[in-house]
> 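Supplied in structure tokens, the structure appears directly below.
A quick note: this is a predicted structure, and the numbers were derived from the prediction, not measured.
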Amino acid sequence: MNKIKQLVAQLDLVNQLLLTRVSLEDNAHRLQFFMQLKSVSQKVSLAEKNWQVKNACSPISSEK
């Protein structure tokens, strides 16, 4: 019976380790996703600013 208790304890430990590993990998994927999202957002923001500056400097004015 003692051997069975040891095996169950080892299985519980392995289960905890696997859950921790999955959680860490999930967090890493989420972090990578949000970093890519931030990068894209910054590129879009920069493109919008460049478009606004280009539009403001245009020789064709919207005022008549």
> For Asn50, which residues count as a side-chain hydrogen bond (donor to acceptor under 3.5 Å, both in side chains) partner, sequence neighbours excluded?
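None.
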> Test question: given the 4.5 Å side-chain rule for I, L, V, M, F, W and Y, name all other residues clustered with Leu46, or answer none.
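Other cluster members: none.
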> List the atom pairs, with distances to 0.1 Å, where a side-chain N or O of residues 26-36 and a protein N or O form a donor-acceptor pair under 3.5 Å, not counting sequence neighbours.
from: Asp26; atom 1: OD2; to: Arg30; atom 2: NE; distance (Å): 2.9
from: Asn27; atom 1: ND2; to: Ser23; atom 2: O; distance (Å): 3.4

> Which donor-acceptor pairs under 3.5 Å do side chains of residues 11-21 form with protein atoms, sequence neighbours excluded?
from: Thr20; atom 1: OG1; to: Gln16; atom 2: O; distance (Å): 2.8
from: Arg21; atom 1: NE; to: Glu25; atom 2: OE2; distance (Å): 2.8
from: Arg21; atom 1: NH2; to: Glu25; atom 2: OE2; distance (Å): 3.3

> Could you give the side-chain donor-acceptor pairs of residues 1-10 under 3.5 Å, partners two or more places apart or in another chain?
none

> I'd like to check the side-chain contact (heavy atoms from CB on, under 4.5 Å) partners of Val22; sequence neighbours left out, ordered by chain and number.
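side-chain contact (heavy atoms from CB on, under 4.5 Å) check on Val22 returns nothing, list empty.
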